[in-house]
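Within every chain, numbering begins at 1; the chains are lettered A, B, ... in the order of the sequence lines, protein sequences first and strands thereafter.
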Amino acid sequence: MPASLKYAYFPGCVAQGACRELDQSTKALTRALGIELVELKKAACCGSGTFKEDSQLLEDTVNARNIALAEELNLPLLTHCSTCQGVIGHVDERLKERQETAPQYVEQVNQLLTKEGCSPYKGTSEVKHILWALVGDFGLETLAAKVTRKLSGLKCAAFYGCYLLRAQDHIPYDNPYDPRSLENVFTAVGATPIYYHGRTQCCGWPLSSYATEQSFQMAGKHLQEAIAAGADCIVTPCPLCHLNLDSRQPEVEQVIGKNLGLPIIHLPQLVALALGVSPKELGMDRHIVSTKPILEKLGL
Amino acid sequence: MQVQFKILRQVQGAAPTFQTYVLDVDPSSTILECLNRIKWEQDGTLAFRKNCRNTICGSCSMRINGRSALACKENVASELANFEAATHAQNGNSLPEITVAPMGNMPVIKDLVVDMQSFWDNLKAVDPYVSTAARQIPEREFLQTPAERARLNQTGNCILCGACYSECNAREVNPNFVGPHALAKAYRMVADTRDDRTETRLEQYNFSTDGVWGCTRCYYCNSVCPMEVAPMEQISKIKSEILDRKDAQASRSIRHRKVLINLVKQGGWIDERLFGLQVVGNSFRDLGGILSLAPLGVRMVTKRKFPGKFEASENTQQVRSLIDSVRAIEASGQVQEVVADTPEPVGG
């Protein structure tokens, strides 16, 4: 681990809304690891893939502004949401490429930004999910050495989120079809990874507002598979996956006609638990599916 | 080197079982070359589709190490380098192992051969032909500028191999969804300046969740496509054309998009309380929608998960103004278009 790690923290909408426990946990985790966060209070929603459906220029411009806010601080932009990572990370990737291949497009984005008093996009920063920051910057060996409460015996099933794996042309550390970074984090904190097909699939969230049954069938399939594979919980680096798998789980149970009761944990919650942070401080009492069974298993 | 091939075999009406074959191969061999050798040297009963051996015909699509790909395009060395499960296989002879299975979302006829009827039917459903029926026959051909033609290159590269359809997460739960291959072709028609049915097509692709709104944005189609057709990008472009023509009352899927942008203009971040109310409840116009949200709302409040307050971004005014400026540029038709640098379609 470098002497000091510091990031421009992009909280995203969900961690300030229905998953405030994620914001809380990210802050608790980085505090425990000595990582400094500077919150981007002026940032805006990445559009969660929806801006692009309206127009590519809209997605690129709003997110070029988000990245430029981190560039002003000379810091990498840190996300804790697979969707924000995929969207902003891909905008960064695309604009960096277009600086070479279609500079007139980047120029247009920058004219829009400067006209509104924003800093122009320079392409000097990086967009980094907290999972990648843990694996690549902090290092899993250093993390393992900091563990004060090994999560021995806890069987964790990863749920990566589509945007983290497939929205960018290139992702560090993982093969998008056979990712290992979450499972490696589980091992580093003493937990046991559980493998199942659904871990790289879609949770169904994008359809949940208007094709609820299809969306919940998708979620139900993965939840049942994870249970069948022996998981005590699912761990996700994406709050949108969390919403569909946790907050809608009672409705998912109705659609598939089966009881599930599988706790869905945010990645920063899991790691912070292993560093001795209390479940209450991580908002683990604020999930729709009770987290008690796993906390009891850990003797907490 | 010695490699074990673990192949999922099946005949209609029976459960699939894995069968393993060990081959001494050159690491540069394609998976198709390996399958041919298994068939010719070890087991003539193994069934799979093949033809050109050269990434042109699209026949040999199958699931290799868990994702759909062309057997003639992938090779042993890259499979072993990129898939940890392949190099650390827990088999009895400790050999590196490559898993091969039939495509998904289609029933198996035998072994690696699937019944692609629904794939072809869904392609047909989007009316994949340029229509010039309503036009006077011109004295010369229908002319296009090179720039207009260039817009068709990316979708024109599709070789109809089925890889995108096989991995499509939406198709798995929605038998009416026509699939990424069909919608990529649909955009090829929408983008073609010679076609005279654009408006009818957009209505057709806008229907329920059979067309573009059935896509769950899992990105699998973009990711597995061996020809870089990027079907999800083409679906997005059709959505964009539809969103230009419709208002928030047209359907809940359209309202979802319109409300999201409006809320970002209002608060920089999305106020999730308003999102549900405006999209699903249609701002109190859809009482059934509001009632459907009630159990979720009660659960969220009980568990203290419901956001009690909303804090706008510190510079929402700037975000709002920026979005308006983007809109103004688009309205004036001055967007710097970037046409994907895609070569001419291959093959016939």
Enquirer: Is it true that a side-chain atom of B:E272 and a backbone atom of A:A18 form a donor plus acceptor pair closer than 3.5 Å?
Expert: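 Yes; judged by distance alone, with no hydrogens or angles, the pair exists.
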Enquirer: For residues B:T209 and A:Y210, is any side-chain donor paired with an opposing acceptor at under 3.5 Å?
Expert: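 Short answer, no.
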Enquirer: Can you tell me which portion of A:C203 sits under 4.5 Å from chain B's heavy atoms? Options are side chain, backbone, both or neither.
Expert: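 Nothing of A:C203, per the 4.5 Å heavy-atom cut-off to chain B.
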Enquirer: So for B:L260, is it side chain, backbone, both, or neither that comes closer than 4.5 Å to the heavy atoms of chain A?
Expert: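 Side chain only.
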Enquirer: Should A:T61 and B:I323 count as side-chain neighbours, where that means a heavy-atom distance under 4.5 Å?
Expert: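 They are not in side-chain contact.
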Enquirer: Let me see the working for B:K239 and A:K52 under side-chain contact (heavy atoms from CB on, under 4.5 Å), right down to the final yes or no.
Expert: CA-CA 9 Å; B:K239 285 175 174 170; A:K52 183 162 85 179; over 6 Å; no
Enquirer: Counting heavy-atom pairs closer than 4.5 Å to chain A, which one of B:L293, B:N82, B:L322 comes out on top?
Expert: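 Sorted descending by pairs with chain A, the first entry is B:L322.
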Enquirer: Check each atom of A:C19 against the heavy atoms of chain B and say whether the ones under 4.5 Å are side chain, backbone, both or neither.
Expert: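 Interface part for A:C19: both.
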Enquirer: Which atoms of B:V224 are under 4.5 Å from chain A, going by heavy atoms: the side chain, the backbone, both sets, or neither?
Expert: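 Looking at B:V224, backbone and side chain both touch chain A.
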Enquirer: Return the option, out of B:R217, B:R67, B:R252, with the maximum number of heavy-atom pairs under 4.5 Å with chain A.
Expert: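 Option with the greatest count: B:R217.
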Enquirer: Work out which heavy atom in B:T216 is nearest to a heavy atom in A:C202; give both atom names and the distance.
Expert: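 Shortest heavy-atom contact: OG1-SG, 3.2 Å.
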Enquirer: Under a 4.5 Å heavy-atom cutoff, which of B:G267, B:S253, B:G268, B:A328 has the most pairs with chain A?
Expert: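 So the answer, after comparing B:G267, B:S253, B:G268, B:A328, is B:S253.
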Enquirer: What part of B:E233 gets within 4.5 angstrom of chain A, counting heavy atoms only: side chain, backbone, both, or neither?
Expert: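 Contact with chain A involves the side chain of B:E233 alone.
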Enquirer: Counting N and O atoms only, with roles assigned by atom type, does the side chain of A:R166 sit under 3.5 Å from a partner on the main chain of B:C218, one being a donor and the other an acceptor?
Expert: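 Yes, because the side chain of A:R166 sits within donor-acceptor range (under 3.5 Å) of the backbone of B:C218.
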Enquirer: Is any side-chain N of the basic residue among B:R304 and A:D285 closer than 4.0 Å to the acidic one's carboxylate O?
Expert: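 Salt bridge between B:R304 and A:D285, a charged N being under 4.0 Å from a carboxylate O: yes.
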Enquirer: In terms of heavy-atom proximity below 4.5 Å to chain B, should A:E21 be classed as side chain, backbone, both, or neither?
Expert: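 Contact with chain B: side chain only.
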Enquirer: Measure distances from B:E330 to the heavy atoms of chain A and classify the residue's part below 4.5 Å as side chain, backbone, both or neither.
Expert: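 Side chain only.
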Enquirer: Find the one option among A:P250, A:P176, A:G117 whose heavy-atom pairs under 4.5 Å with chain B are most numerous.
Expert: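 Of A:P250, A:P176, A:G117, A:P250 has the most heavy-atom pairs under 4.5 Å with chain B.
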Enquirer: Is it the side chain or the backbone of A:N66 that comes within 4.5 Å of chain B heavy atoms, both, or neither?
Expert: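 Contact with chain B involves no heavy atom of A:N66 at all.
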Enquirer: Ion pair present between B:R327 and A:D54, side-chain N to carboxylate O less than 4.0 angstrom?
Expert: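 Yes, charged N to carboxylate O under 4.0 Å.
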Enquirer: At a heavy-atom separation under 4.5 Å, does B:N169 approach chain A through its side chain, its backbone, both, or neither?
Expert: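 It is both, since atoms from each part get that close.
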Enquirer: Given a strict heavy-atom distance threshold of 4.5 Å, which part of B:Y220 is in contact with chain A: side chain, backbone, both, or neither?
Expert: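 When you check distances to chain A, atoms from both the backbone and side chain of B:Y220 fall under 4.5 Å.
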Enquirer: Identify the heavy atoms of B:C215 and A:L207 that sit nearest to each other, and give their distance.
Expert: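 Scanning both residues completely, I find the closest heavy atoms to be O-CD2, 3.7 Å.
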Enquirer: Strictly by modelled atom types, are B:S313 and A:K42 linked by a side-chain donor-acceptor pair under 3.5 Å?
Expert: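 The answer is no; no qualifying pair exists.
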Enquirer: For each of A:A102, A:S48, A:A211, A:A167, tally heavy-atom pairs with chain B at distances under 4.5 Å, and name the one with the top tally.
Expert: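 That would be A:A167.
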Enquirer: To the nearest 0.5 Å, what is the distance between CG on A:D169 and OG on B:S223?
Expert: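 That separation rounds to 10.0 Å.
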Enquirer: Before you tell me yes or no, could you show the steps for A:R65 and B:N315 under side-chain contact (heavy atoms from CB on, under 4.5 Å), namely the whole-Å CA-CA distance, both residues' side-chain angles and the distance that decides it to 0.1 Å?
Expert: CA-CA 12 Å; A:R65 176 180 174 275; B:N315 208 344; 3.8 Å; yes
Enquirer: Any sub-3.5 Å donor-acceptor pair from A:Q16's side-chain atoms to B:W269's backbone N or O?
Expert: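 Checked: no pair found.
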Enquirer: Only pairs of heavy atoms separated by less than 4.5 Å count here; which of A:P11, A:G204, A:G17 has the most with chain B?
Expert: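 Top count of heavy-atom pairs under 4.5 Å with chain B: A:G17.
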Enquirer: So which of B:K305, B:K303, B:K237 has the largest heavy-atom pair count under 4.5 angstrom toward chain A?
Expert: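 Maximum pair count with chain A is reached by B:K305.
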Enquirer: Against chain B, label A:S208 side chain, backbone, both or neither, depending on which of its atoms sit under 4.5 Å from a heavy atom there.
Expert: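 Contact with chain B is absent: no heavy atom of A:S208 under 4.5 Å.
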Enquirer: Measuring from atom CG of A:L40 to atom CD of B:E314, what distance do you get when rounded to the nearest 0.5 angstrom?
Expert: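 Result: 10.5 Å between the selected atoms.
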Enquirer: Can you tell me which portion of A:V14 sits under 4.5 Å from chain B's heavy atoms? Options are side chain, backbone, both or neither.
Expert: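 Looking at A:V14, backbone and side chain both touch chain B.
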Enquirer: Quick one: what part of B:I329 sits under 4.5 Å from any heavy atom of chain A, side chain, backbone, both or neither?
Expert: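 Side chain only.
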Enquirer: Which atoms of A:A43 come close to chain B, meaning under 4.5 Å heavy atom to heavy atom: side chain ones, backbone ones, both, or neither?
Expert: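 Interface part for A:A43: both.
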Enquirer: Within a strict 4.5 Å, meaning less than it, do heavy atoms of the A:E251 and B:R299 side chains meet?
Expert: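 A side-chain contact under 4.5 Å exists here.
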Enquirer: A:R286 side chain to B:F306 main-chain N or O, any donor-acceptor pair under 3.5 Å?
Expert: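 No.
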Enquirer: Would you call A:E53 and B:R257 a salt bridge, using N to O less than 4.0 angstrom?
Expert: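 Answer for the salt bridge query: yes.
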Enquirer: Please look at A:T101 and chain B and tell me whether the side chain, the backbone, both or neither of the residue comes under 4.5 angstrom of a heavy atom of that chain.
Expert: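 No part of A:T101 comes within 4.5 Å of chain B.
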Enquirer: Specify whether B:F83 and A:Y177 have parallel, tilted or perpendicular ring planes, treating 30° as the upper limit for parallel and 60° as the lower limit for perpendicular.
Expert: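 Ring orientation, 0 to 90° scale: parallel.
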Enquirer: Quick one: what part of A:R98 sits under 4.5 Å from any heavy atom of chain B, side chain, backbone, both or neither?
Expert: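 Side chain only.
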Enquirer: Nearest 0.5 Å, what's the CG-CG distance between B:N65 and A:N175?
Expert: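 Interatomic distance, B:N65 CG to A:N175 CG, rounded to 0.5 Å: 9.0 Å.
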Enquirer: I need the residue from A:K115, A:Q56, A:E107, A:R248 with the largest number of non-hydrogen atom pairs under 4.5 Å to chain B.
Expert: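 The option with the most such pairs is A:R248.
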Enquirer: What is the distance from atom CD of A:Q214 to atom CG of B:N174, rounded to the nearest 0.5 Å?
Expert: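 CG of B:N174 is found 4.0 Å from CD of A:Q214.
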Enquirer: Name the member of B:I242, B:L243, B:I270 that forms the most heavy-atom pairs with chain A at distances under 4.5 Å.
Expert: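 Highest number of pairs under 4.5 Å: B:I270.
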Enquirer: Using a cut-off of 6.0 Å, state whether more than 12 heavy atoms not belonging to B:F207 lie near its atom CZ.
Expert: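 Check fails, neighbour count at 12 or below.
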Enquirer: For the atom pair CG (A:L243) and CE (B:M300), what is the distance rounded to the nearest 0.5 Å?
Expert: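 Reported to 0.5 Å precision, the distance equals 6.0 Å.
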Enquirer: With rounding to the nearest 0.5 angstrom, report the CG to OH distance, A:L165 to B:Y219.
Expert: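 Spacing of CG (A:L165) from OH (B:Y219) equals 12.5 Å.
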Enquirer: I'd like to verify something: which residue of B:V280, B:V279, B:T316, B:V335 has the highest number of heavy-atom pairs under 4.5 Å with chain A?
Expert: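 The option with the most such pairs is B:V335.
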Enquirer: Relative to chain A, which segment of B:V264 carries a heavy atom at a distance below 4.5 Å: side chain, backbone, both, or neither?
Expert: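 B:V264 touches chain A through side-chain heavy atoms alone.
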Enquirer: With side-chain contact (heavy atoms from CB on, under 4.5 Å) as the test, would you mind laying out the steps for B:E172 and A:Q201 before giving the verdict?
Expert: CA-CA 11 Å; B:E172 247 174 75; A:Q201 306 285 304; 4.2 Å; yes
Enquirer: Checking A:L69 against chain B: side chain, backbone, both or neither under 4.5 Å from a heavy atom?
Expert: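 When you check distances to chain B, no heavy atom of A:L69 falls under 4.5 Å.
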Enquirer: Does atom CD of B:E311 have more than 12 heavy-atom neighbours from other groups under 6.0 Å away?
Expert: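 Not more than 12 within 6.0 Å, no.
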Enquirer: Looking at A:C118 and B:Q318, what are the two nearest heavy atoms and their distance?
Expert: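 For A:C118 versus B:Q318, the nearest heavy atoms are SG-CD, 3.4 Å.
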Enquirer: Where on A:H197 is there a heavy atom nearer than 4.5 Å to chain B: the side chain, the backbone, both, or neither?
Expert: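 For A:H197, no heavy atom lies under 4.5 Å from chain B.
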Enquirer: Check step by step if side-chain contact (heavy atoms from CB on, under 4.5 Å) holds for B:V173 and A:F216.
Expert: CA-CA 9 Å; B:V173 294; A:F216 294 164; over 6 Å; no
Enquirer: Taking A:Q108 for its side chain and B:Q334 for its backbone only, find out whether a donor-acceptor pair lies under 3.5 Å.
Expert: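 Indeed, once roles are kept as given, a pair shorter than 3.5 Å links the two residues.
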